[in-house]
Student: 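Pasting in a structure now, in structure tokens, and then I'll have a few things to ask.
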Amino acid sequence: MAAELTVPQLSAKHRPTLDQALSAIRSRAYWSPHPEHPKAYGETAPADGLAAFEALRGTRIDLGQPGTDGWTGSEKSPYGPELGVEYPHVDPDVLLPAMKAGMATWRDAGPEARALVCIEILARISARTHEFAHAVMHTSGQAFMMAFQAGGPHAQDRGLEAVAYAYEEQTRVPGQADWSKPQGKKDPLELGKTFTAVPRGIALMIGCNTFPTWNGYPGLFASLATGNPVLVKPHPRAVLPLALTVQVAREVLAEAGFDPNLVALAVERPGEGIAKDLAVRPEIKLIDYTGSTEFGDWLEANARQAQVYTEKAGVNTVVLDSTDNYKGMLANLAFSLSLYSGQMCTTPQNLLIPRDGIATDAGHKSYDEVVADLAASVGGLLGDDARANALLGALVNPDVKTRLEAAAGLGEVALASREVTNPEFPDAVVRTPVMVKLDAAKPDPEAPFLSECFGPVSFAVAVDSTADALDLLRRTVREKGAMTVGAYTTSPDTERAVEEVCLEESAQLSLNLTGGVYVNQTSAFSDFHGSGGNPAANAALCDGAFVSNRFRVVEVRRQA
């Protein structure tokens, strides 16, 4: 097929971006090519994006995929409205062979061409960030500003980061080499060698409900940039953002002269559950998954033909030992507990507080005082309904509401959840967080703080000492995993002890955050999301290990 986009054109447009991304993953300094502020996209962009989203409602997104055997779609916004969008339902027996057909040409294009095509896909998505933000908002329940940033530029950054790592790992070995081995008085032995990064096969990206683009883009672009076709299987409640992504990817691939079937969409009918069937097909060689531990464990145990990358549940913990900025600590924690109604895999759950209290710049604070002050800080932050709606968003599904309501019966309630009305979307289910006081001294193998309670639920756990807090931290990370760990201390010895636990158990640590950076936020190109070293996730977003096993290097030797 004739290419409308040539590699030289793409190189002139995007090679500087690729070079900057490569520099950023090496330096770990702050960098982003995708603006965070809505006004950066032009004066008419907000209205244009909303109009584009509204125009999608009640329509059918026809991707022109082979094997389409019907149409499906049942998304309802957590804010209330039915989306009414229909998507192609596919027959994998037809689609998967079609996806493999373009692999050789995509492989032979080489790492740079693949990276540049991926960056063009991301650039076109970036230009439609306002439209994507509404799609993320009305499938995840994120408030608009969070959907705009996390679902837009931050997700695009994570996709670009994966492209940079993919390029870095594939070009670590040269494409060709002349080999000459001296033989004394005889002529040397001489060979010409070529080295080709060869993709593993079709990748299956299983999307999540809460962060369809942010969690989906790393795997999607890591696989595509390393030469693998990608089949995107969205969460049935969050199809639209990934369907639009697939649509853009197919357009760019075709314009660049590649088979658009290198990226395809698989949407399930209500209750169909196609992920299990797809995951064990022999054509599927890579799987990326974010979601429950139960299904993640099933994938790791049963999809034996594939390299499986999972992000599952964990018990995120904050150790409170001491602080020289009590007010800042409380404000930081209150925001962390409130953002997106605690529906982030990085939100703190267990707050470990010595029962004798902690030393602060405001004097000694007892356990009860710390808990009461933190509850008051959360209450103050969310006391205004307009601000509460902007921070909380909506509960993503009924299961979160059920857990939230049940949490109040687990112990003494330090902060009761309250219902917040969203005047723009009266059907949205909006709730403030609940905080429950528990005691680690009471032996109970089923203690609530020993497992993840996903949603706006936190446990203020009384412990005998900071040393006991570290023992509990170690236990929960080792047994249940953690995406994040936080700690507050003015003691160098305690800081080192917390750090040692996290190094030994492979947990990402944030110390003494009192400003505008929060434990549940990570920055692409600099921060690692997950470590791959504890049960919460078997991979990190992003590092070399996340991309290097998506391809193998095949050598061809020729007699010189």
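What you see below is based on every heavy atom in this structure, not just the backbone, and it leaves out hydrogens, waters and symmetry mates. Worth saying up front: this structure is predicted, and the values here are computed from it rather than measured.
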Student: Verify side chain to side chain contact (heavy atoms under 4.5 Å, CB included) between Tyr518 and Leu339, making sure each step is shown before the conclusion.
Tutor: CA-CA 10 Å; Tyr518 305 94; Leu339 186 62; over 6 Å; no

Student: If you take all heavy atoms of Ala243 and Ile61, which pair is closest and at what distance?
Tutor: CB-CD1, 4.4 Å

Student: Could you give the distance from CG (Asn520) to OG1 (Thr484), rounded to the nearest 0.5 Å?
Tutor: 7.0 Å

Student: Just by modelled atom types, is the Leu83 backbone N or O under 3.5 Å from a matching donor or acceptor in the Glu75 side chain?
Tutor: no

Student: Would you confirm whether Thr68, through its side chain, and Gly70, through its main-chain N or O, come within 3.5 Å as a donor-acceptor pair?
Tutor: no

Student: When you compare the side chains of Glu268 and His89, does any donor N or O come within less than 3.5 Å of an acceptor on the partner?
Tutor: no

Student: Give the minimum heavy-atom separation between Thr421 and Asn389, together with the two atoms involved.
Tutor: O-ND2, 3.1 Å

Student: CD of Gln247 to OH of Tyr87: how many Å apart, nearest 0.5 Å?
Tutor: 10.5 Å

Student: Could you pull out all residues at least two apart from His130 that satisfy ring-ring contact (aromatic ring centres under 6.0 Å, His included)?
Tutor: Tyr41, Phe148

Student: Between the side chain of Ser341 and the main-chain N/O of Gln343, is any donor-acceptor distance below 3.5 Å?
Tutor: no

Student: Any side-chain to backbone donor/acceptor pair from Asp288 onto Met205? Under 3.5 Å, distance only.
Tutor: no

Student: Within the distance-only criterion (no hydrogens, no angle test), does the side chain of Gln307 pair as donor or acceptor with the backbone N or O of Lys285 below 3.5 angstrom?
Tutor: no

Student: Go through it in stages, so that I can follow the logic: the residues are Glu168 and Arg26, the test is salt bridge (Lys or Arg N to Asp or Glu O under 4.0 Å), and I'd like the CA-CA distance, side-chain angles, deciding distance and then a yes or no.
Tutor: CA-CA 10 Å; Glu168 180 102 314; Arg26 295 165 187 156; 2.6 Å; yes

Student: Which pairs count as ring pair (Phe, Tyr, Trp, His ring centres under 6.0 Å) when at least one residue sits in residues 5-28, sequence neighbours excluded?
Tutor: none

Student: Do the charged groups of Arg269 and Asp69 touch, with an N to O distance under 4.0 Å?
Tutor: yes

Student: For Lys13, is there an ion pair with Glu120 - N to carboxylate O distance below 4.0 angstrom?
Tutor: yes

Student: In terms of ring plane angle, is the pair His138 and Phe425 parallel, tilted or perpendicular, where the classes change at 30° and 60°?
Tutor: perpendicular

Student: Please tabulate, for the side chains in residues 217-226, all donor-acceptor contacts under 3.5 angstrom to protein atoms that are two or more places apart in sequence or on a different chain.
Tutor:
| from | atom 1 | to | atom 2 | distance (Å) |
| --- | --- | --- | --- | --- |
| Tyr217 | OH | Thr245 | OG1 | 2.7 |
| Ser223 | OG | Gly219 | O | 3.3 |
| Ser223 | OG | Arg550 | NH1 | 2.7 |
| Thr226 | OG1 | Ala222 | O | 2.7 |
| Thr226 | OG1 | Ser223 | O | 3.0 |
| Thr226 | OG1 | Asn228 | ND2 | 3.0 |

Student: What's the separation between atom OG1 in Thr347 and atom CD in Glu452, rounded to the nearest 0.5 Å?
Tutor: 9.5 Å

Student: Quick one: CD1 on Ile25 to CG on Leu160, what's the gap to the nearest 0.5 Å?
Tutor: 9.5 Å

Student: Quick one: do Val547 and Cys542 satisfy side chain to side chain contact (heavy atoms under 4.5 Å, CB included)? Show the steps, please.
Tutor: CA-CA 8 Å; Val547 299; Cys542 289; over 6 Å; no

Student: Quick check for you: to the nearest 0.5 Å, what is the distance between Asp527 atom CG and Thr346 atom OG1?
Tutor: 11.0 Å

Student: Measuring from atom NE2 of His235 to atom OG1 of Thr139, what distance do you get when rounded to the nearest 0.5 angstrom?
Tutor: 10.5 Å

Student: Considering non-hydrogen atoms only, spot the tightest contact between Ser292 and Lys312 and give its length.
Tutor: O-CG, 4.1 Å

Student: What pairs with Glu405 under salt bridge (charged side-chain N to carboxylate O under 4.0 Å, His left out), at least two apart in sequence or on another chain?
Tutor: Lys401

Student: Can you sort out the partners of Tyr289 under ring-ring contact (aromatic ring centres under 6.0 Å, His included), two or more places apart, ordered by chain and number?
Tutor: Phe295

Student: Do the side chain of Arg60 and the main chain of Trp71 share a donor and acceptor less than 3.5 angstrom apart?
Tutor: no

Student: Please find the pair of heavy atoms, one from Gly227 and one from Arg114, that lie closest to each other, and give the distance.
Tutor: N-NE, 3.5 Å

Student: Name all residues meeting the ring-ring contact (aromatic ring centres under 6.0 Å, His included) criterion together with Tyr340; count only those two or more places apart in sequence or in a different chain, and write none if there are none.
Tutor: Phe211

Student: Does Val85 form a side chain to side chain contact (heavy atoms under 4.5 Å, CB included) with Val239? I'd like the steps, not just the answer.
Tutor: CA-CA 9 Å; Val85 183; Val239 179; over 6 Å; no

Student: Please identify each residue that fulfils side-chain contact (heavy atoms from CB on, under 4.5 Å) with Asp385, with sequence neighbours left out.
Tutor: Arg418, Val420

Student: Identify the heavy atoms of Ala133 and Ala147 that sit nearest to each other, and give their distance.
Tutor: O-CB, 3.4 Å

Student: Pro270: what forms a side-chain contact (heavy atoms from CB on, under 4.5 Å) with it, not counting sequence neighbours?
Tutor: Thr72, Ser74

Student: Between Leu337 and Met435, which heavy-atom pair has the shortest distance, and what is it?
Tutor: CD1-CE, 4.2 Å

Student: May I ask you to check whether Thr44 and Asp48 show a side-chain donor-acceptor distance below 3.5 Å?
Tutor: yes

Student: Would the distance check show the side chain of Asn422 and the main-chain N or O of Ala428 forming a donor-acceptor pair, the cut-off being under 3.5 Å?
Tutor: no

Student: Do the side chains of Arg403 and Asp399 get close enough for a salt bridge, i.e. N-O under 4.0 angstrom?
Tutor: no

Student: Between Asp427 and Tyr79, is any pair of side-chain heavy atoms under 4.5 Å apart?
Tutor: no

Student: Within the 3.5 Å criterion, strictly below it, is a donor on Gln156 or Thr129 matched to an acceptor on the partner's side chain?
Tutor: yes

Student: Regarding Thr514 and Asn332, is there a side-chain donor-to-acceptor distance under 3.5 Å anywhere?
Tutor: no

Student: List the residues meeting side-chain contact (heavy atoms from CB on, under 4.5 Å) with Ser526, not counting sequence neighbours, and say none if there are none.
Tutor: Arg28

Student: Taking only residues two or more places apart in sequence or in another chain, which ones pass salt bridge (charged side-chain N to carboxylate O under 4.0 Å, His left out) with Glu169?
Tutor: Arg172

Student: Does the Arg387 side chain pair with the main chain of Leu381, one donor and one acceptor, at a distance under 3.5 Å?
Tutor: yes

Student: Can you name the residues that form a side-chain contact (heavy atoms from CB on, under 4.5 Å) with Ala264, not counting sequence neighbours?
Tutor: Gln65, Leu95, Met99, Leu231, Arg250

Student: Taking ring-ring contact (aromatic ring centres under 6.0 Å, His included) as the test, write out the residues that go with His134, two or more places apart.
Tutor: Phe53, Phe144

Student: Does Asp543 reach the main-chain N or O of Phe528 with its side chain, forming a donor-acceptor pair under 3.5 Å?
Tutor: no

Student: Can you tell which of Gln508, Glu311, Arg158, Gln521 makes a side chain to side chain donor-acceptor pair (under 3.5 Å) with His529?
Tutor: Glu311

Student: Taking it one step at a time, do Val136 and Thr213 satisfy side chain to side chain contact (heavy atoms under 4.5 Å, CB included)?
Tutor: CA-CA 8 Å; Val136 171; Thr213 54; 4.1 Å; yes

